[in-house]
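Step one of this worksheet: look at the structure below.
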Protein chains: 2
Amino acid sequence: MATIKEVARKAGVSVGTVSNVLRGASTVNNKIRERVNKVIRLLDYHPSHAARSLKTSRTHLLGMVISDITNPFFPQLARGAEDAAIEHGYLVIASNTDDQLEREKRVLAVLRSRRVDGILLVVAPNGGDMEHIRRVIASKIPVVCLDRVPEGLSVSAVTTDAITGSEMCMRHLISMGHCRIAIINGNSELQTARDRLQGYRNVLTEAGIAIDPELIMTGDFRANSGYLLAKQLLLSGLNPTALYVTNGMMALGALRAVKELGLRCPSDLALAVFDEVPGNGSFSPEVTSVIQPAYQIGYQGVELLLRQVESGEPSTPIQIRLPAELRIGESTLLRRAEPVVSNLSMNRM
Amino acid sequence: MATIKEVARKAGVSVGTVSNVLRGASTVNNKIRERVNKVIRLLDYHPSHAARSLKTSRTHLLGMVISDITNPFFPQLARGAEDAAIEHGYLVIASNTDDQLEREKRVLAVLRSRRVDGILLVVAPNGGDMEHIRRVIASKIPVVCLDRVPEGLSVSAVTTDAITGSEMCMRHLISMGHCRIAIINGNSELQTARDRLQGYRNVLTEAGIAIDPELIMTGDFRANSGYLLAKQLLLSGLNPTALYVTNGMMALGALRAVKELGLRCPSDLALAVFDEVPGNGSFSPEVTSVIQPAYQIGYQGVELLLRQVESGEPSTPIQIRLPAELRIGESTLLRRAEPVVSNLSMNRM
DNA sequence: TTGAAAGCGCTAACAA
DNA sequence: TTGTTAGCGCTTTCAA
């Protein structure tokens, strides 16, 4: 593989001049510039980024630590991040942690060795163990958290406004006459799960509906737990009239349970979901869902990160909350008896 | 950020010794090793990969060029690639081309500058323009193509055996009594599309059914084209009894069309799909589909690539074809009249 | 078993 | 406007 030296020799100039041509410096004579460029093409020369990094201590590399690209939320996010990175001349290295703290630690150490210029981080549940993240920040590598904000850590972040999103969805259900609404939520160690539950509670409270702990189920955000909990719930005799599932994978499981039990939405049960449901729109019923701005989270995450990278100094953490969108489908479009309470006006939706 | 020199000074040894400790060389005295390790932890030292690369001319970086991570086929593939890479101490840089040749060229140039040790490539349709790929190979960077094999290029590849997969699916449809089977396929500039169509033709021919060109529709592998073509087909008066859609996104579109027209599967129309259908299994009907080993394609692609990387020499191209799996769902489970021909025995399935 | 030093391919400061 | 050169942080010989 050709080096800058060879290019210089073959073009009959110094390496400094070649370097100037590469960097598009205007100080280079046009004839020389052309001669150099011709040699570059001839030798199929591609400057070594490693050497450049060593000198400039900039890698133009971003690390992206997510839980699992296979989870349908992340491809959009990853795409948004990539697109923004490319626009600024950066590349991104993605790693999956499967939400395991140990893997997060390992990955972060590797990214540090790689001297990435910044890190996008979807934190794994950590029970307060965040020393490894603190050390990354202490080492002057900017970090932007995506989707989840670790508690007790002062760090920039881009998230969905899950509380408001959850509230919109719950108000819709209540406006359709439901007052026995069950929720299947994820692990409450996760901020996101807590927020979604918070929205659920808020709206019930504001509607004057007592919160029934038996209607609150906790799964793990994966399809099978949605399936099991939905089945348990629907066979329990608790008779919810609506089911609110707080992510797409669990919703898939819940739908399977509904189908197996021979129930139909919305006639037997209303179903609403926080998050996109894979394949939604092509099947029956179309499921009412709260859509997260996944692409935007990735995109804006990179923009925020690069602002920190390129300013070169530890700016004060900025937290961006992006709104979610309620998309109403057939799965909730059947009105029950009027709400038992009336202090919930339509204009609050 | 600490350097090896600082570690050496603080530990009272030479940089060579620190280097030996880092590389786990056994020649280092235990006491010294411990002292060095303590300093490393103390300074939170992480060796610079750029410097190491410059010296060793190995980056332990792999490039992965795909069309779009947002297409549900790719997350699994990416995950397989990542997992295999991690196991061998490599990281992967992913880039999306959206199947655009120009972007593929740009990305490849960037990856060359990054001196990635190898490249996983899902080629964009190129109409024979493959000079950029040839030059990558000429520059001694091993390339493994995934999913698609560019015609006229001698390169290693890992693909799905789409012809056989397509045949399995078609034999199933025919065994269920269908003889007017329409196909909605993707752009035939893509190898994968041609293979899927090939399987369709093969089985019709072997069953002695005449191929009706009107039943062969060409879309672009995206949901909307599936929707439009399915609608056109179903309103055309051609009256197919079965519809074979050759990817998951178009299948989603086709399902929407079926739903809008008020038709039901399998009573009004049988539906089979090559590829995974997002959300399948949770809705009705469960769609019969040919599942591609996406994770394995990524995983084995990396293994194959690294074998070339680590052997250090241009081995002869190896092509791996992985089998697809036919998963039969309710969408085809209604028997029509017996097949008009009988030279199709069950054991050929 | 450890240390010294050359050099990987660039950039950037400085000299010419 | 172009050339020369030190040095980025490592690895790896070779000597001690």
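Protein chains get the first letters and strands the later ones, always in sequence-line order, with residue 1 at the start of each. Quick caveat: nothing in here was measured; it's all calculated off a predicted structure. Hydrogens, waters and symmetry mates are skipped; everything else that's a heavy atom, side chains included, is used.
- Other residues, nucleotides and ligands contribute at most 12 non-hydrogen atoms within 6.0 Å of the CZ atom of A:Arg23.
- Taking atom NZ on A:Lys31 and atom P on D:dT2, their separation rounds to 12 Å, with Å as the unit.
- Crowding of B:Lys105 atom NZ: a count of heavy atoms from other residues, nucleotides or ligands under 6.0 Å exceeding 12.
- For the pair A:Arg222 and A:Asp68, the salt-bridge criterion is not met [side-chain N within less than 4.0 Å of a carboxylate O].
- Between A:Arg114 atom CZ and D:dC10 atom P there is a gap of 14 Å when expressed in whole angstrom units.
- A:Ser139 and A:Arg112 are linked by a side-chain donor-acceptor pair at a separation below 3.5 angstrom, with hydrogens and angles left out of the test.
- For C:dG3, one of the phosphate oxygens OP1 or OP2 lies less than 4.0 angstrom from a side-chain nitrogen or oxygen of B:Thr17.
- Shown here are the ring pair (Phe, Tyr, Trp, His ring centres under 6.0 Å) partners of A:His60, two or more places apart in sequence or in another chain: A:Tyr90.
- B:Arg58 places its CZ atom 16 Å from the C1' atom of D:dT12, with the value rounded to the nearest Å.
- A:Tyr299 and A:Glu87 share a side-chain donor-acceptor pair at under 3.5 Å.
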Does the protein touch nucleotides 6-14 of chain C at the base, only the backbone, or not at all? Give it as B, S and - per nucleotide, heavy atoms under 4.0 Å. BBBBBBB--
